[in-house]
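In this text, all values refer to a predicted model and were calculated from it rather than measured experimentally. For this chain, numbers begin at 1 and follow the sequence in order.
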Amino acid sequence: MTVFAAASLKESFTALGKEFEQQHPGTEVTFNFGGSDTLAASITGGAPADVFAAASPKTMKIVTDQKDTAGAPATFVRNQLEIATLPGNPDRISSLKDLTRSGLKVVLCDKAVPCGAAAQKALTAAGLELTPVSYEQDVKSALNKVVLKEADAAVVYKTDVKAAGGKVEGVEFPEAAKAVNDYPIALLDNARDSAAAKAFIALVRSAEGQKVLTQAGFLKP
């Protein structure tokens, strides 16, 4: 069974995949993590997959518009943005406005990716304009620029800051509340193993699945 999932779900879905394999001996779960827009384009282009978990309803709509889902998508978690800075926050970043300081190397997700669209929404809410040093294809790539010290800060999800442990430091900002992303999950029309796919979706939405996801920093739907 193949699951296409937003990059921000990597840690929690990998854990749930292992759990699922233990519960269903003989079933192997393969994941393809990446930017939701890229994954959606792959699915509509005919890439074989059983389940799609996107980081925004907009990217899920790309798939539903093409009638590539077998049922209505369900929101299973929500996620909020946070600023990832270098450990110890040496640049003393305390707000979204601080990211507009000259000389500061800031990375954003591409505007087509849910984390990038959410960042733009937050910047608009704050009345700010920001020119990043780069736009990244998914949230893990944006975070990695800070981890590798190639950037001073990145606007990513709280869950990614948490997953990075001590490699980055998170800075909350109020405008993030105006750009919370809903994450929908759906069974795909061309699923090769729809029974296993339905069971995986059920696990994700179960109390057990929700516990794994909330521990990773996701918000309840």
Side-chain angles (χ1 to χ4, degrees), residues 1-21 23-24 26-79 109-121 135-142 156-157 159-160 179-206 208-210 212-213 216 218-221:
M1 184 186 60
T2 305
V3 177
F4 277 33
S8 45
L9 291 162
K10 190 173 183 181
E11 290 79 14
S12 22
F13 264 35
T14 301
L16 287 172
K18 285 177 183 157
E19 182 62 38
F20 186 82
E21 287 174 348
Q23 291 175 4
H24 300 80
T27 303
E28 189 184 340
V29 186
T30 305
F31 290 103
N32 181 8
F33 296 107
S36 296
D37 61 323
T38 308
L39 296 175
S42 297
I43 292 164
T44 57
D50 299 85
V51 174
F52 180 38
S56 72
K58 189 179 175 185
T59 43
M60 178 60 81
K61 195 173 181 293
I62 296 167
V63 178
T64 54
D65 280 355
Q66 293 296 317
K67 310 276 192 291
D68 284 332
T69 56
T75 300
F76 64 101
V77 283
R78 303 165 83 222
N79 209 352
C109 295
D110 190 85
K111 292 173 188 178
V113 184
C115 67
Q120 292 303 322
K121 204 172 174 183
Y135 284 107
E136 296 300 315
Q137 287 309 304
D138 65 55
V139 73
K140 295 296 183 193
S141 305
V156 296
Y157 294 120
T159 51
D160 296 292
V180 177
N181 275 12
D182 287 349
Y183 279 49
I185 191 166
L187 170 70
L188 294 172
D189 198 35
N190 65 350
R192 288 165 298 180
D193 192 342
S194 57
K198 282 177 186 170
F200 181 77
I201 292 170
L203 173 64
V204 168
R205 299 183 69 193
S206 71
E208 187 186 353
Q210 290 294 305
V212 170
L213 289 155
F218 286 97
L219 307 168
K220 291 199 168 169

Nearest heavy-atom neighbours spanning Ala6 and Ala54 | CB-C, 4.3 Å
Should Phe76 and Leu9 be marked as a side-chain contact (heavy atoms from CB on, under 4.5 Å) after you check the CA-CA gap, both sets of side-chain angles, and the distance that decides it?
-> CA-CA 12 Å; Phe76 64 101; Leu9 291 162; 3.9 Å; yes
Of all heavy-atom pairs between Ser141 and Glu136, which one has the smallest distance, and what is that distance?
-> CB-OE1, 3.5 Å
Does Val3 offer a backbone N or O that forms a donor-acceptor pair with the side chain of Asp50 under 3.5 Å?
-> no
What distance do Asn190 atom CG and Arg192 atom CZ have between them, rounded to the nearest 0.5 Å?
-> 8.0 Å
Rounded distance [0.5 Å steps], CG in Asn181 versus CG in Leu219 | 10.5 Å
Are any non-hydrogen side-chain atoms of Asp65 and Thr44 less than 4.5 angstrom apart?
-> no
Atom pair CG (Leu187) and CZ (Phe200), whose distance is rounded to the nearest 0.5 Å | 12.5 Å
For Gln210 and Pro221 the tightest heavy-atom approach is OE1-CD, 3.6 Å
Partners meeting side chain to side chain contact (heavy atoms under 4.5 Å, CB included) with Ala199 (sequence neighbours left out) | Phe20, His24
Can you measure from CD1 (Ile62) to CZ (Phe52) and round to the nearest 0.5 angstrom?
-> 7.5 Å
Of all heavy-atom pairs between Lys121 and Ala179, which one has the smallest distance, and what is that distance?
-> CB-CB, 4.0 Å
Between Asp182 and Pro57 the two heavy atoms that sit nearest each other are O-CD, 3.4 Å
Roughly how far apart are Gln120 CD and Asp110 CG, rounded to 0.5 Å?
-> 9.5 Å
Step by step, work out the side-chain contact (heavy atoms from CB on, under 4.5 Å) result for Val51 and Lys198.
-> CA-CA 8 Å; Val51 174; Lys198 282 177 186 170; over 6 Å; no
Ring pair (Phe, Tyr, Trp, His ring centres under 6.0 Å) partners of Phe4, counting only residues at least two apart = none
Atom pair NZ/SG of Lys140 and Cys115 - distance to nearest 0.5 Å = 10.5 Å
Between Ser194 and Ala191, is there a donor-acceptor pair closer than 3.5 Å when you use the side chain of the first and the backbone of the second?
-> no
Measure across Tyr135 and Cys109 and return the closest heavy-atom pair with its distance rounded to 0.1 Å.
-> CD2-O, 3.5 Å
Check residues 27-43 and write down every donor-acceptor pair under 3.5 Å in which the side-chain atom is one partner and the other belongs to a residue at least two apart or another chain.
{"from": "Ser36", "atom 1": "OG", "to": "Ala55", "atom 2": "N", "distance (Å)": "3.0"}
{"from": "Ser42", "atom 1": "OG", "to": "Thr38", "atom 2": "O", "distance (Å)": "3.1"}

Could you check Asn79 against Thr159 for side chain to side chain donor-acceptor pair (under 3.5 Å), going step by step and ending with a plain yes or no?
-> CA-CA 7 Å; Asn79 209 352; Thr159 51; 2.9 Å; yes
